[in-house]
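Following: one structure in structure tokens, then a few remarks.
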Amino acid sequence: MDHFNYRGNALYAEDVPVTSIVAKWGSPCYVYSRATLERHFKVFDEAFANQPHRICYAVKANSNIAILSILAKLGAGFDIVSQGELERVLLAGGKPNDIVFSGVGKLVPELERAMEVGVGCFNLESPSELMRVNDIAKRLNIIAPISLRVNPDINVETHPYIATGLKENKFGIEYDQALPLLREARKLSNVKIVGIGYHIGSQLMQIQPFLEAFDRVGKLVDQCQEEGIVLTHLDIGGGLGVRYRDENPPSPADYIAAILKRLRHPQLELIMEPGRAIVANAGILVTRVEYLKKTSHKNFAVVDAAMNDLLRPSLYQAYQEIIPVINQSTDYQTWDIVGPVCETGDFLGKDRSLSLKEQDLLAIRTAGAYGFTMSSNYNSRPKIPEVLVDQDQMFLIRKRETYSDLTLHENLLPQGEL
Ligand SMILES: *Cc1c(COP(=O)(O)O)cnc(C)c1O
């Protein structure tokens, strides 16, 4: 459920007509709904009921600081994968202690900064990283809280680029190496083991692989207890899928209920790292039809948004629903919705039945996650604005880049070098 609905034939974001957002800030633009965002967070939070838990929103899904500040205010923690994300969370008012730092390649300055501000947990992915974290912590004279990200070797049905829990993936510590590494970690002077966790992939449509991973890692928790390694949390990662088309993902409530039913260590705090399931449906991408172009094979609608604004269709052949901002439903034809970027792979949707004229506005749904955050300046296209709607109010939470922004960090060669 979201708050992008038609009133009459006009698409609204909460109580604001999408056309009035475009009238103010132009096209293309991202539009987010605060009510949808908040509802999704609360669904996760409430499903845990009395079980000690922390929802660490995965910042990479949508890292706008206004979005992060809303989640921080609701009590969210954050799952970050870089210092850039850390700085965003701090700007947005997130508490350092509620941050978990994930990622397979954390750099020395990133770790230093995270330790200086007091990040709550470092989710380690290799023996070398454990040594690096211990060394830096020693130098800074602190004890770094650590968790191991275990790779439970679970096969999941999703796009291969976003399956992360198989032994051939780069992520996590191989299951059989986890316990030996924890024994090593226990001997180190400047780390404290606080948890264990996993994240097996994204856009998952079944509960079963999550439960398999939970049970496998639960066995490791048992082994830790037998050896006197004290854990305070178990991190079950993110990855819950959303509906882009006709998928039927488990509801957060059903998924969490299934986890709680199997939980054999209720004293542990459960950490969860949802990204997509919190923000995907809270956003749309609005774009304008510039040209309608018919060939003997295909009808193309060339729009003003492109793969640099929304990469998922090009990168994963992902389907995202495309609907008219003003629904006139007269002459339906089949269209490929394509952008101006010079790549054949630049499309937002293929073979869509739509009633289109030039200058019409379209909304690409479920664009709140991995939308703006994956955008780029490819083809020297300025990044587009992000607007947050809260009931009948709208806020510009990121302005459109200008052409001078594009070259801000570039230098011409000095005089005489040409
Ligand atoms: C990407 C990621 C997430 C979030 O995944 P979603 O599919 O967006 O829920 C959580 N944890 C880690 C470690 C990640 O890399």
Side-chain angles (χ1 to χ4, degrees), residues 1-5 11-18 21 25 29-48 53-80 85 88-95 98-99 202-203 238-244 249-253 255-256 271-286 309-310 312 320-321 323 363-375 384-398:
M1 215 206 67
D2 62 42
H3 289 79
F4 299 100
N5 293 303
L11 184 68
Y12 275 63
E14 301 193 15
D15 298 327
V16 177
V18 171
I21 299 170
W25 289 301
C29 65
Y30 277 99
V31 179
Y32 307 124
S33 150
R34 178 174 188 163
T36 311
L37 181 72
E38 294 195 337
R39 201 184 77 94
H40 289 170
F41 177 81
K42 286 179 187 156
V43 165
F44 277 96
D45 199 32
E46 285 161 13
F48 281 99
H53 68 280
R54 198 170 351 139
I55 310 291
C56 291
Y57 165 71
V59 173
K60 72 178 187 288
N62 185 320
S63 58
N64 185 291
I65 56 176
I67 300 283
L68 301 181
S69 70
I70 290 171
L71 293 171
K73 190 160 173 235
L74 293 177
F78 297 93
D79 168 46
I80 60 166
E85 291 188 348
R88 287 174 173 277
V89 170
L90 297 175
L91 269 179
K95 290 199 209 72
D98 290 338
I99 298 174
S202 198
Q203 185 55 7
L240 190 64
V242 301
R243 177 187 300 224
Y244 286 98
S251 73
Y255 165 43
I256 291 164
I271 293 182
M272 195 176 180
E273 304 170 350
R276 189 190 309 268
I278 287 184
V279 280
N281 288 322
I284 59 173
L285 168 61
V286 183
D309 303 307
L310 179 66
R312 297 187 66 260
Q320 295 194 211
E321 200 183 335
I323 59 173
I364 299 158
R365 295 183 65 104
T366 328
Y370 306 105
F372 187 88
T373 51
M374 292 180 100
S375 69
I384 66 179
E386 295 175 284
V387 176
L388 180 82
V389 170
D390 181 358
Q391 299 181 10
D392 61 356
Q393 291 183 285
M394 48 182 171
F395 302 94
L396 183 64
I397 60 172
R398 193 183 207 278

Using modelled atom types only, decide if a donor and an acceptor are shared between the side chain of T366 and the backbone of A280 within a distance under 3.5 Å. no

Kindly compute the distance separating CZ (F48) from CD1 (I256), expressed to the nearest 0.5 Å. 4.0 Å

Residue that, paired with L240, satisfies side chain to side chain contact (heavy atoms under 4.5 Å, CB included) out of P250, S202, S251, P274: P250

Smallest separation among heavy atoms of A61 and V279, with atom names: CB-CG2, 3.8 Å

How about F4 and V31: do any of their side-chain heavy atoms sit closer than 4.5 Å? yes

Please assess D2 against H40 for the test side chain to side chain donor-acceptor pair (under 3.5 Å), listing each intermediate value before the final yes or no. CA-CA 9 Å; D2 62 42; H40 289 170; over 6 Å; no

Enter the distance from K73:NZ to E38:CD here, rounded to the nearest 0.5 Å. 7.5 Å

Residue pair F78 / C56, side-chain heavy-atom distance below 4.5 Å: no

Under 3.5 Å, side chain of R88 to main-chain N/O of S63, donor-acceptor pair present? yes

Side chain to side chain contact (heavy atoms under 4.5 Å, CB included) between I278 and I55, intermediate numbers included: CA-CA 10 Å; I278 287 184; I55 310 291; 4.2 Å; yes

Output for pair (I21 CD1, L11 CG), nearest 0.5 Å, gives 9.0 Å

Start with the C-alpha distance between I99 and V89, add both sets of side-chain angles, then the distance that settles side chain to side chain contact (heavy atoms under 4.5 Å, CB included), and finish with yes or no. CA-CA 9 Å; I99 298 174; V89 170; 3.6 Å; yes

Between the main-chain N or O of R34 and the side-chain N or O of E14, is there a donor-acceptor pair closer than 3.5 Å? yes

Let me confirm one number: the OH-CG distance from Y370 to L310, rounded to the nearest 0.5 Å. 13.5 Å

On the 0 to 90° scale, with breaks at 30° and 60°, tag the F372-Y30 ring pair as parallel, tilted or perpendicular. perpendicular

Closest heavy-atom pair, A76 versus F41, reported as atoms and distance to 0.1 Å, is CB-CE1, 3.4 Å

For I397, does its backbone N or O pair with a side-chain atom of N64 as donor and acceptor, under 3.5 Å? yes

Which pair of non-hydrogen atoms, one from A47 and one from P252, has the smallest distance, and what is that distance? CB-O, 4.5 Å

Taking it one step at a time, do H53 and M272 satisfy side chain to side chain contact (heavy atoms under 4.5 Å, CB included)? CA-CA 8 Å; H53 68 280; M272 195 176 180; over 6 Å; no

Tell me which one of L285, I323, V286, I284 satisfies side chain to side chain contact (heavy atoms under 4.5 Å, CB included) with I364. L285

At their closest point, which heavy atom of V16 faces which heavy atom of Q391, and how far apart are they? CG2-O, 3.5 Å

State the NZ-CG distance between K42 and L37, to the nearest 0.5 angstrom. 10.0 Å

Under a 3.5 Å distance rule, please check whether Y57 uses its side chain to pair with a backbone N or O of A72 as donor and acceptor. no

Sub-3.5 Å donor-acceptor pair from the side chain of E386 to the main-chain atoms of L396, do we have one? no

Backbone of R365 reached by a side-chain donor or acceptor of Q320 within 3.5 Å: yes

First locate atom OH of Y32, then atom CG of L388, and finally report the distance between them rounded to the nearest 0.5 Å. 9.5 Å

Is it true that H3 and D15 share a donor-acceptor pair across their side chains at a distance under 3.5 Å? no

Where P249 and G241 come nearest, the two heavy atoms and their spacing: CB-O, 3.3 Å

